[in-house]
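First the structure, in the form of C-alpha cells, and then the observations on it.
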Amino acid sequence: MKKHQLRINLENVEIPLFHNVLSDDYRYRTLPNMPMLYWPSGLPCIEANLYIMKGITTKNWSLKGKGGTAKTNADLLPHIIRFCFSNNIHFSELNNAYFELFINGLMAEKHETGKKKGQKVRSNTRVGKIGRQTLAFLVGIGKRLSDKSFIAESGCRLTVEECEYKEYGKIVTYYNHVCIPTKDEYKKRLPVAISDVEKLMTFISAGENRNLVERNKSLVKAYKATGGRRSEVANLQVSDIEKALASEDKIPLLRLITLKQREHALEQEKEERFVPVYRTTLKSIAKYIKRNRARILKKVNKSRKEKGMSSIEDHGYVFIGENSGLPLGPDTITTYFNQWAKDIGATGNLMAHAFRHSFITDKIEMLIELFNLQDEGEFKAKFAVEKAFKDKVMAWTGHKHEKSLSPYIHLAFSELSGVNKTMDAAQVVYGVSSAKDEVKELKAKIQSGQISSAELMDDVGHMLDDLYELLDGKVV
C-alpha cells in the first residue's frame with residue numbers, strides 16, 4: 001500500500017468550476033501548483049479534492065510556492081483516506097467508534113527506526129489539527145450527500161461540537177470531538193542566538209567559492225537587518241537597495257514586498273512596507289551586488305552561451321542561484337538555514353524566521369524607550385488609540401494586530417527591565433554594533449588576503465563616513 005497520497009501538480013491543471021445545465025458545458029479555471037489527493041490504490045480521491053477545491057475558491061487558500069495554504073490543509077487529509085481504505089469503508093460510514101479508533105491510532109504511532117526510534121511520530125497538537133480538519137472535511141461530505149444522520153452535534157452516527165472564536169475581529173468556526181487531545185504546552189520560539197550568528201558567519205566565510213560566500217553573508221545580513229519574512233527577503237530588489245542608499249536619511253528606509261492574496265485566492269497583490277536599515281549594512285549588500293552578483297550572472301550566461309542557449313536577462317532580484325542565475329525561492333533559503341544550523345551545531349533558533357523575532361524585539365524596545373512606556377499595558381493602550389504609533393509599529397514589524405505582537409512586547413519589557421536609555425542612544429548603539437560586525441568581517445578578509453588594496457580603502461572610507469554621520473561628528 002502506498003503511504004503518501006498527496007501530490008503537487010507543478011504544471012497547470014484545468015479544474016471545472018461551474019456546470020451550465022442549459023447548455024451542458026463546463027467553465028474551467030487553470031490552476032498552478034494544485035495539490036491532489038489519491039487513494040492508496042492510486043485512484044484520485046474525488047471527495048478530498050473537491051474539499052480542497054472549495055477551500056481555494058471560497059476560503060482564499062493560496063497556491064503560491066509549492067501549493068501554499070491549499071497544500072498545508074491538504075497535508076492533513078491523507079490520514080483519514082488511508083484509514084478508510086484500510087477498513088474498507090466510505091467516509092460517510094464513519095461513526096464515533098471509528099473516529100476514536102482513528103485518533104488513537106494517530107496518537108499511538110511511533111518511529112520504528114533512526115534516532116527517534118520509539119518516540120511518538122506526531123504531537124498532540126498535530127493530532128488535534130489533523131482531527132479538526134478531518135471533521136470539517138466530513139461535515140462537507142455530509143452536506144453534499146444531504147445525509148442528516150451522518151454527522152452533526154447530536155443524534156447522528158458521528159457527533160461533533162461546532163465551536164467558534166474571535167480572531168482579528170472575525171468569527172472563526174471549527175469542529176471538535178471528545179476524543180481529540182488537548183494541545184501540547186506551547187514552546188515559545190526565542191530570538192536567534194547571537195553566538196550562533198557569529199559561528200554561522202565564520203562558517204560561511206570559510207567557503208572556497210567567493211561569490212557564494214559573499215552572497216550567503218549578505219543573505220544573513222539582510223534577514224538580521226530587516227526582520228523580513230522569508231518571502232520578503234527573497235523578493236528584495238537591487239533597485240530597493242539603490243533607492244535606500246540614495247536617501248538622505250541618517251538611517252535609510254528599505255522597501256520590503258509581501259505578496260498577499262486578494263479576495264479571490266487565485267490572484268495576488270503586492271503589499272509593501274519600509275523598515276530602517278543602517279547604511280553600513282546596505283553598502284555591504286550593495287558591494288555583493290556590484291562585485292559578486294554581477295560575476296555570477298556573467299558566469300551563468302557564459303555557460304549558457306557555450307551550450308547554445310540564450311542569455312538570461314537581469315531580473316533585478318538581489319539573491320540568485322549560482323548555477324541558474326535565477327532568484328532564490330523562500331524554500332531554498334529555508335533549506336540553506338537548516339543545513340547551516342546542522343553544520344555549525346547551532347544551540348538556538350538558527351532559521352530565517354528567527355532573525356525576524358530578534359528584529360521585532362529590538363524595534364519594540366526602541367519604541368518603548370522613545371515613548372517612555374512603563375509596562376505592557378501602556379504599550380497596548382498606545383497601540384490601540386494612537387494611529388501614528390500604530391503605523392510605526394506596523395511598518396517596522398509587518399504586523400497588523402496587537403495580539404500578534406504580544407510575545408514580543410513581553411520579551412522586550414523583560415529585556416529592558418532596569419534599563420533607561422534615550423532613543424538616540426539606542427539608535428547609536430545598534431548602528432555601532434552593525435559597523436562593528438563589518439569591521440570584524442573586513443579584518444578577516446585582510447588576514448586571508450581576500451581583498452585588494454583598492455577595495456580595502458573604499459570599504460574603510462565608507463565605514464568611517466557612516467559612523468560620522470550616525471554620531472553627528474560626536475564621540476560617545
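All heavy atoms count here, side chains included; hydrogens, waters and symmetry mates do not.
- With 3.5 Å as the limit, one finds no donor-acceptor pair spanning the side chains of N211 and E322.
- When the salt bridge (Lys or Arg N to Asp or Glu O under 4.0 Å) test is applied to K302, no partner is found at least two apart in sequence or on another chain.
- Among residues two or more places apart in sequence or in another chain, the salt bridge (Lys or Arg N to Asp or Glu O under 4.0 Å) test is passed with R293 by D314.
- The ring pair (Phe, Tyr, Trp, His ring centres under 6.0 Å) pairs that include a residue from residues 105-148 are Y51-F137, F91-F137, where partners are two or more places apart or lie in different chains.
- By the salt bridge (Lys or Arg N to Asp or Glu O under 4.0 Å) test, E272 is found to be paired with R255, residues two or more places apart in sequence or in another chain being considered.
- Taking each heavy atom of Y317 and Q237 in turn, the nearest pair found is CE2-NE2, 3.1 Å.
- T69 places a side-chain N or O within donor-acceptor distance of the main-chain N or O of S62, the cut-off being under 3.5 Å.
- Although no hydrogens or angles enter the test, the distance criterion places no donor-acceptor pair under 3.5 Å between the side chain of N176 and the main chain of R132.
- Smallest separation of non-hydrogen atoms from L328 and Y336: CD1-CE1, 3.9 Å.
- Pairing each heavy atom of L282 with each of A244, the nearest pair is CD1-CB, 3.8 Å.
- Distance check: L254 CG to Y278 OH gives 14.0 Å after rounding to the nearest 0.5 Å.
- Side-chain contact between Y38 and P44: present, with at least one pair of heavy atoms (C-beta onward) separated by less than 4.5 Å.
- Residue pairs that meet the salt bridge (Lys or Arg N to Asp or Glu O under 4.0 Å) test with at least one member in residues 144-157, sequence neighbours left out, are D147-R157.
- For R122, the salt bridge (Lys or Arg N to Asp or Glu O under 4.0 Å) partners are E109, not counting sequence neighbours.
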